[in-house]
Number of protein chains: 2
Amino acid sequence: MPSLHRAPTKGSLETKERIFDAAEALFMDQGFSTTSLRAITAKAKVNLAAVNYHFGSKEALIREVFDRSLGPLNGARMAQLDRLEAAAGGNPVAIDKIVEALVSPALHVSHDPLKRGAAFLRLLGRALSEPAEYMRAFLPAHYRDVVVRFRRALSLALPNLSEAELTWRMHFTFGAMAYSMAGTDAVELFTTPDDAGVDDAEAIVQRLIPFLVAGLKSPTPKSRATRSVEPSARKVA
Amino acid sequence: MPSLHRAPTKGSLETKERIFDAAEALFMDQGFSTTSLRAITAKAKVNLAAVNYHFGSKEALIREVFDRSLGPLNGARMAQLDRLEAAAGGNPVAIDKIVEALVSPALHVSHDPLKRGAAFLRLLGRALSEPAEYMRAFLPAHYRDVVVRFRRALSLALPNLSEAELTWRMHFTFGAMAYSMAGTDAVELFTTPDDAGVDDAEAIVQRLIPFLVAGLKSPTPKSRATRSVEPSARKVA
DNA sequence: GTCTATACCACGATAGAC
DNA sequence: GTCTATCGTGGTATAGAC
């Protein structure tokens with residue numbers, strides 16, 4: 001890979017873009033594993049082998065499509081947290097503001113005037129429903145910075161929480177958030193909230209935030225956490 | 001389909017059982033979509049076509065394996081709720097008890113003395129990570145009764161909540177729970193709670209319950225829910 | 001009814017010609 | 001850069017042996 005920046009002799013970028021756009025559209029419609037390279041190349045009107053030439057593999061294509069969607073979202077989350085912390089000037093930021101910074105960018109991006117990105121959250125929802133190993137590999141990489149930043153902010157706002165407790169509560173928080181994002185559109189696994197109010201993103205956010213805030217602020221029950229670290233403890237899910 | 005109960009002439013059930021057991025083991029190890037029918041039939045030492053003969057399709061096989069795991073779990077949940085309601089004798093059951101009835105059976109089943117079932121929660125975690133349409137089709141069917149029963153109990157325990165609010169909070173609850181189950185073993189998507197305490201199921205349950213209870217009990221923010229039901233609202237995740 | 005052998009088509013990937 | 005041809009593997013369908 002000699003020239004990474006801008007090397008194409010002819011309409012190569014055009015080809016790559018066409019693949020990219022076709023893939024993004026099909027992924028949103030059908031999910032990642034369901035969408036075949038043959039379907040993508042047919043829609044993009046390029047040769048089948050062009051995908052592997054330009055992207056290396058289907059996995060890499062998925063990764064790039066996903067990156068372009070997820071990057072701005074997490075960027076917005078951290079930017080919003082930056083603003084909050086700047087305004088607080090050293091003091092801890094209020095928990096509900098932190099949670100809002102984590103949750104609400106998903107809403108705003110969905111209203112992005114640039115038409116693409118309007119439904120890219122579907123991609124994230126899809127990704128959470130994918131079985132492939134590589135999803136579990138690069139999703140954490142993308143979220144690492146977000147997790148670190150929000151963890152620090154929450155740690156300041158919730159000084160009574162142990163590190164372990166905070167980690168678990170963030171785990172639950174991300175779980176509920178992820179499920180809400182995926183569930184509204186793709187996977188309504190258990191409950192079907194269709195009958196309850198609009199699937200308006202803002203409505204979800206406004207309901208999700210207090211739920212998560214209350215969970216994060218909940219009192220530590222008993223410190224029975226030290227009860228056992230014995231390795232005989234079953235590893236369970 | 002004439003005789004559904006018990007029809008086989010010879011060792012057919014044995015073959016079916018062998019396929020079933022091999023499939024269950026491989027699914028737990030590798031997930032559903034990664035496990036090929038050829039791998040299953042090789043392990044079970046049966047012919048490839050036997051799967052389609054006995055189960056109809058890979059999807060149906062997955063479904064049956066999954067059913068046998070999930071049935072007892074949800075049965076335990078509802079049995080525990082039954083006991084609570086009987087003890088309460090008409091009065092609302094305490095929220096933390098309801099949540100415990102929902103969450104903790106996952107722990108106890110994992111300690112099932114009968115060795116199979118010890119790690120079947122991995123199957124559930126796997127299922128939640130599957131992209132296939134049929135997962136979204138029969139998972140709600142299995143959870144329908146659980147959702148209805150727990151919804152009724154929670155509705156009594158939280159009389160101030162509107163139906164819509166309750167639905168959303170249950171949605172968040174199931175999300176956090178599902179993610180916790182899947183995340184501990186299979187998909188640590190965002191956070192990696194390895195560094196924080198044991199992956200002991202009881203530890204998770206004891207931390208998850210107060211988190212969810214607090215979220216469920218959280219005060220309704222503003223009744224801005226009526227703000228808009230206009231169809232122009234973006235359907236977003 | 002049960003099981004086997006085998007063929008079929010779609011998939012992702014890649015080598016090599018242009 | 002692009003294309004054709006082809007490989008290995010996947011789920012599935014069926015004809016026919018027992």
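In what follows, chains are A, B, ... by sequence order, proteins preceding strands, each numbered from 1.
- Residues passing the salt bridge (Lys or Arg N to Asp or Glu O under 4.0 Å) test with A:Arg77: none are found, sequence neighbours excluded.
- The shortest distance between the side-chain N/O atoms of B:Thr15 and the OP1/OP2 oxygens of C:dC3 is below 4.0 Å.
- Remark: B:Thr41 engages no residue in a side chain to side chain donor-acceptor pair (under 3.5 Å) (not counting sequence neighbours).
- Residues passing the side-chain contact (heavy atoms from CB on, under 4.5 Å) test with A:Glu64, sequence neighbours excluded: A:Lys16, A:Phe20, A:Phe55.
- Among the nucleotides D:dG1, C:dA13, C:dA7, the one closest to the side chain of A:Arg38 is C:dA13.
- The phosphate of C:dG1 has neither OP1 nor OP2 within less than 4.0 Å of any side-chain N or O from B:His54.
- A:Lys58 places its NZ atom 13 Å from the C1' atom of D:dG10, with the value rounded to the nearest Å.
- Of the candidate nucleotides C:dG1, D:dT2, C:dC11, C:dC11 has the atom lying nearest to any side-chain atom of A:Ser36.
- The CD-P distance, from A:Gln30 to C:dC11, rounds to 10 Å in whole Å.
- Distance A:Arg18 CZ to D:dT2 P: 9 Å, rounded to the nearest Å.
- Listed by chain and number, the residues in a ring-ring contact (aromatic ring centres under 6.0 Å, His included) with A:Phe211 are B:Phe172 (sequence neighbours excluded).
- Atom-to-atom distance recorded for B:Leu212:CG and B:Met170:CE is 11.5 Å, nearest 0.5 angstrom.
- For the atom pair CG (B:Leu166) and NE2 (B:His171), the distance works out to 13.0 Å, reported to the nearest 0.5 Å.
- Rounded to an integer number of Å, the gap from B:Ile19 CD1 to D:dT12 P is 13 Å.
- Contacts of A:Asp67 classified as side chain to side chain donor-acceptor pair (under 3.5 Å), with partners at least two apart in sequence or in another chain: A:His142.
- Of the residues in residues 39-52 of chain B, those with a non-hydrogen atom less than 4.0 angstrom from any atom of DNA chain D are B:Leu48, B:Ala49, B:Asn52.
- Rounded to an integer number of Å, the gap from A:Leu37 CG to C:dA13 P is 6 Å.
- Closest approach to the B:Tyr53 side chain among C:dG1, C:dG12, D:dG11 is made by C:dG1 (side chain taken as heavy atoms from C-beta onward).
- What separates CG of A:Leu26 from P of C:dG12 is a distance of 12 Å, to the nearest Å.
- Atom P of nucleotide D:dT12 and atom CZ of B:Phe55 are separated by 13 Å, given to the nearest angstrom.
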